Protein chains: 2
Amino acid sequence: MTTVDRPYHHGDLRSALLAAAEMELAERGIEAFSLRSVAKRAGVSHAAPAHHFGDANGLLTALAVEGHRQFLACQRRREVAAAADPAAQLVAAGLGYVDFAHERPTLFRLIFASARPKMDDPDLMAAGGASYQHLVDQVTAIGGGPEDLVAAWAMAHGLADLTMSGRFKMISTMDRAAQDAMIARLIRRVTPEGI
Amino acid sequence: MTTVDRPYHHGDLRSALLAAAEMELAERGIEAFSLRSVAKRAGVSHAAPAHHFGDANGLLTALAVEGHRQFLACQRRREVAAAADPAAQLVAAGLGYVDFAHERPTLFRLIFASARPKMDDPDLMAAGGASYQHLVDQVTAIGGGPEDLVAAWAMAHGLADLTMSGRFKMISTMDRAAQDAMIARLIRRVTPEGI
DNA sequence: AGGTTTATCTATCCACTGTCAAGATAATTT
DNA sequence: AAATTATCTTGACAGTGGATAGATAAACCT
C-alpha cells in the first residue's frame, strides 16, 4: 500500500544493511542485536536481509569482515605517524590495536569474543588471516621468533580487552598522551632484548 | 496435572537453577542462553526462576559471581602446587588464569566479555573485587608498582583469551607441560627486572 | 519491441524467547 | 487453627529468527 513512498527495490541494500547493523551494534550492543531492528533502520522489511546475508549470523559475519578492515586501518594510522624503524612500527601497531578496541568496542567483541560470526566463512578467514599476517610481519621485522609473536599479541590484546571493558581504572583516568606512553612501554617490555 | 510426580516446591531450586544454567552455558554458549531452557532442565516451569533471580540477566549475574569463585579456585590450585616464593606464586596465578579460561570458557566470557551480568550488583562487585585484590597482592609481593600490575594482568588475560578462542595454533598443538613452561616464561617476561 | 527469466523485496506464518499478572500450593508465623 | 508469606504454575503478550509463498522490478533474450 506504500508503493509510492519508495521504490520496491532499494538499490544498494547490502551496504545500507551493513551500515545500519554497525549502528545497531554500537547503540545496543551485540547481545541485544536484532535483525528486525536493523531492517527497520534501513527502512526495509524484516525478511529482506535474508536475501543478502542468509541469516542473522551471516550479517554479523559480513560485519566482522568489515571490522577486520577497520582493525587494520587503526593500526596503519598509527604506523604512518611513527618512526620507520621496525621496533617503533610494532609499538605503533600495538597502539592501533588498543585504539580499535576503544573506538569500536562492539566490533572488537564481535571479532574476538563472539560465537555468532561464521568462523569458516572464506571472507572472514581471509580477513582474519590478513590481520594475523600483519602482526607476524611486524614481529618478524624485529627479528622475533614464535614466542615473541605470542608475547606481543597477548600483551596488545590483553591491554585492548581490559582497557575497553573499563577494568584499568588507572589507565582510563590518564590523559591520552600518558596512556600512549604507558602502552608503548608495555609493548616494548615484551619485545626481545627490550628493544 | 502432575501433582504426584514431584512436590510443588522444589526445595533448593536456586542451586538447581545455577547448576542447570552453568550446564546450559557450557553446552549452548552464552549467545544461545535461554531462561526457559534452563527451567526445563531443572524440571520446573518457565517462570519459576523469576522469583529467585528476577530476570534472565539476574541469573547470569549470580552465575558470574559463582564464576569468580571458580576463577580464584583455579589460581589457588596452581599456587599450592608451586614454590612459596612470590615470583613463583605470581607465575602460578597466571597459569591458573589461563586454566580457568580453558576449562570454563563460557564462564570466562560471561565475566570478561558480556554485558548481561549486572555490573552494579553488590555480590558481583564484591566477587570481582576479590579477584582483583588477589592479583594486586601477588604483584605487590614481588615489589611491583601499578604499571607492573597492568603488565602482568594484560599478559595473563591476553594469553587466556587468545588461547581460549583457539587463536594460538602454536600453543594448542603443544603438550600440557610445554604450554605451562611457555606461559610461565611469558609471565616472567613482563615482571620487573625479569624475576 | 515483447516475453521470459532472474534478482530483489514484502507478507504471512511458525516456534521460541523474556517478562508480566493471576492463581495454586505449601511453609511459616502468630 | 488462622493468617501471612514464600514458592511455583499457568496463561498471556510482544518481540525474535527463520521459512515460505507471492509481488515487483530489473536484466536478458530472441
Side-chain angles (χ1 to χ4, degrees), chain A residues 1-21 23-25 27-64 106 110 114-118 121, chain B residues 1-21 23-25 27-64 106 110 114-118 121:
Chain A
M1 73 280 246
T2 58
T3 41
V4 278
D5 291 340
R6 56 186 163 73
Y8 193 93
H9 287 70
H10 183 282
D12 193 14
L13 183 56
R14 199 191 135 91
S15 305
L17 285 171
L18 278 174
M23 285 194 262
E24 282 285 316
L25 214 58
E27 287 177 15
R28 316 208 310 163
I30 187 175
E31 268 142 342
F33 180 83
S34 149
L35 194 58
R36 291 171 110 102
S37 194
V38 171
K40 188 178 296 179
R41 186 189 281 262
V44 96
S45 87
H46 68 263
H51 193 267
H52 295 273
F53 300 102
D55 55 11
N57 290 347
L59 174 52
L60 290 172
T61 302
L63 208 56
T106 51
L110 179 68
S114 173
R116 301 198 60 175
K118 301 168 180 175
D121 178 85
Chain B
M1 73 265 252
T2 59
T3 40
V4 277
D5 291 342
R6 55 187 165 74
Y8 193 96
H9 287 70
H10 182 282
D12 193 14
L13 183 56
R14 199 191 134 91
S15 307
L17 285 172
L18 279 174
M23 285 193 262
E24 282 284 316
L25 214 58
E27 287 178 15
R28 314 209 310 162
I30 187 175
E31 270 142 342
F33 180 83
S34 149
L35 194 58
R36 289 173 109 103
S37 193
V38 170
K40 187 177 298 180
R41 186 188 282 263
V44 97
S45 86
H46 66 263
H51 193 266
H52 295 273
F53 301 102
D55 55 12
N57 290 347
L59 172 52
L60 289 172
T61 303
L63 207 56
T106 51
L110 179 68
S114 173
R116 301 198 61 175
K118 301 170 181 173
D121 177 84

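For clarity, every value in this text was computed on a predicted model and none was experimentally measured. Order of the sequence lines sets the chain letters (A, B, ...), proteins ahead of strands, with each chain counted from 1.
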Checklist entry - Bend across the helix from C:dA1-D:dT30 to C:dT30-D:dA1, to 10°, with axes taken over 5 pairs at each end? => result 0°

Item to check | Residues in salt bridge (Lys or Arg N to Asp or Glu O under 4.0 Å) contact with B:Arg28, at least two apart in sequence or another chain | outcome: B:Glu24

For nucleotides 12-16 of chain D, give me every protein contact, N/O to N/O, under 3.5 Å, one pair per line with atom names.
from	atom 1	to	atom 2	distance (Å)
D:dT16	OP1	A:Ser34	OG	3.4

Taking [atom1] from [X] and [atom2] from [N], how many angstroms apart are they, rounded to a whole number?
| X | N | atom1 | atom2 | answer |
| --- | --- | --- | --- | --- |
| A:Lys118 | D:dG17 | NZ | P | 14 Å |
| A:Asp55 | C:dC14 | CG | C1' | 17 Å |
| B:His51 | C:dT19 | NE2 | P | 16 Å |
| B:Glu24 | C:dT17 | CD | P | 9 Å |
| B:Leu17 | D:dT7 | CG | C1' | 12 Å |
| B:Asn57 | C:dG18 | CG | P | 10 Å |
| B:Leu13 | C:dA26 | CG | C1' | 14 Å |
| B:Asp12 | D:dA6 | CG | P | 18 Å |

Next on the checklist: By nearest heavy atom, map A:Ala47 and B:Ala47 onto DNA chain C; which one lands nearer the 5' end?
Outcome noted: A:Ala47

Over all atoms of both residues, closest heavy-atom pair of [X] and [Y]:
| X | Y | value |
| --- | --- | --- |
| A:Val38 | A:Leu17 | CG1-O, 3.8 Å |
| B:Leu110 | B:Ala64 | CD2-N, 3.7 Å |
| A:Leu35 | A:Pro49 | CD1-CB, 4.0 Å |

Of all residues at least two apart in sequence or in a different chain, which pass the side-chain hydrogen bond (donor to acceptor under 3.5 Å, both in side chains) check with [X]?
| X | value |
| --- | --- |
| B:Asn57 | B:Arg116 |
| B:Ser114 | A:Glu31 |
| A:Ser34 | none |

Next on the checklist: Per the salt bridge (Lys or Arg N to Asp or Glu O under 4.0 Å) rule, what does the pair list look like for residues 42-55 of chain A, sequence neighbours excluded?
Outcome noted: A:Asp55-A:Lys118

Checklist entry - With a non-hydrogen cut-off below 4.0 angstrom, is B:Ala56 in contact with a base, only sugar-phosphate, or nothing? => result sugar-phosphate

Item to check | side-chain contact (heavy atoms from CB on, under 4.5 Å) partners for B:Ala62, two or more places apart | outcome: B:Arg14, B:Leu18, B:Phe53

